Amino acid sequence: MNLKSFIRDVPDFPKPGIIFKDITPLLGDAEALRYAIKLLADRYRPMRIAKVAGIESRGFIFAAALACELGCGMVPIRKAGKLPYKTIRETYELEYGTDTIEIHADAVARGQRVVLLDDVIATGGTLAASTRLLQGLGAEVVEVACIIELTFLHGRDKLGPMPFHSLIAY
Ligand code: AMP
């Protein structure tokens, strides 16, 4: 199955000059969705994963499906101000300005093995900050993964020595 054929390029969204990688054709196809989750599940099943962490909002979709497949829990990492309970936060640099993400302070236990998942890695800032959140709670981030990697932005460099895996590369 060629997963790339289920990713739609949408030029100039959300602003001029950005080519948005739209995953909705992949989500809308039963076989493609099942295959993407199966690839991830086959990779992480032997790794004794305790939690799959997903990043708001498209990361949630894949993280929840993967967690179900692995038989473990799912942890949401959200934009600031959305999580209701006690949180810790990380602020990171964007091209213009900063962004802040949060995780519930009790979302993972010290030493728990976590896979961190998002739909797209662009500059890597979001996944790097999310990794710091999880590590700040004492989790062992086993690997950072995403469906789509925009290799020309070198986002994985921002993750340092952290193991990284993507299903589709551009
Ligand atoms: P970054 O922190 O730069 O790696 O940005 C990652 C976040 O922005 C991810 O959660 C993506 O959903 C989103 N994103 C960035 N660039 C794109 C793109 N070209 N197409 C789709 N989503 C994108």
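Since we're looking at a predicted model, the values are computed, not measured. Note that ligands are numbered from 1 as they come in the structure, with each ligand's atoms numbered from 1 the same way.
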For [atom], find the nearest protein heavy atom and state the residue, atom name and distance (0.1 Å precision).
atom: atom 12 (O) of ligand 1; value: R58 NH2, 2.6 Å
atom: atom 19 (N) of ligand 1; value: I19 O, 3.0 Å
atom: atom 3 (O) of ligand 1; value: T123 OG1, 2.5 Å
atom: atom 10 (O) of ligand 1; value: D118 OD2, 2.8 Å
atom: atom 20 (N) of ligand 1; value: K21 N, 2.8 Å
atom: atom 2 (O) of ligand 1; value: T126 OG1, 2.5 Å
atom: atom 15 (C) of ligand 1; value: A122 CB, 3.6 Å

Q: Kindly work out whether a path of hydrophobic side-chain contacts (I/L/V/M/F/W/Y, heavy atoms less than 4.5 Å apart) joins L26 to M1.
A: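 Yes, one cluster joins them.
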Q | Under-4.0 Å heavy-atom contact with ligand 1, by part of V120 that carries it | A |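 It is both parts that get close, each with some atom under 4.0 Å.
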Contact check, [X] vs ligand 1, heavy-atom distance below 4.0 Å:
X: D119; result: yes
X: G124; result: yes
X: D99; result: no

Q. Among all residues two or more places apart in sequence or in another chain, which pass the salt bridge (Lys or Arg N to Asp or Glu O under 4.0 Å) test with R34?
A.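 R34: no salt bridge (Lys or Arg N to Asp or Glu O under 4.0 Å) contacts found.
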Q: Ignoring angles and geometry beyond distance, decide whether E56 reaches within less than 3.5 Å of ligand 1 through its nitrogen or oxygen atoms.
A: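 Such a contact does not occur with ligand 1.
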Q) Would you say L150 and ligand 1 have an N/O pair spaced under 3.5 Å apart? A)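 In fact, backbone or side chain, L150 has no N or O that close.
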Q | Beyond-backbone contact of T131 with M162, side-chain heavy atoms, under 4.5 angstrom | A |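 In contact.
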Q.
Could you check whether Y44 and E69, counting side-chain N and O atoms only, form a donor-acceptor pair closer than 3.5 Å?
A.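 Judged by distance alone, the side chains do not pair up.
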Q. Do you see a donor-acceptor pair shorter than 3.5 Å between the side chains of Y92 and T126?
A.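 Their side chains do contain a donor-acceptor pair, which is all the 3.5 Å distance test asks for.
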Look at [X] together with [Y] and state whether they make a salt bridge at an N to O cut-off of under 4.0 Å.
X: R156; Y: E149; answer: yes
X: R132; Y: E90; answer: yes
X: D42; Y: R45; answer: yes

Q. Stepwise, does the side chain to side chain donor-acceptor pair (under 3.5 Å) test hold for T91 with T98?
A. CA-CA 7 Å; T91 297; T98 62; 5.7 Å; no
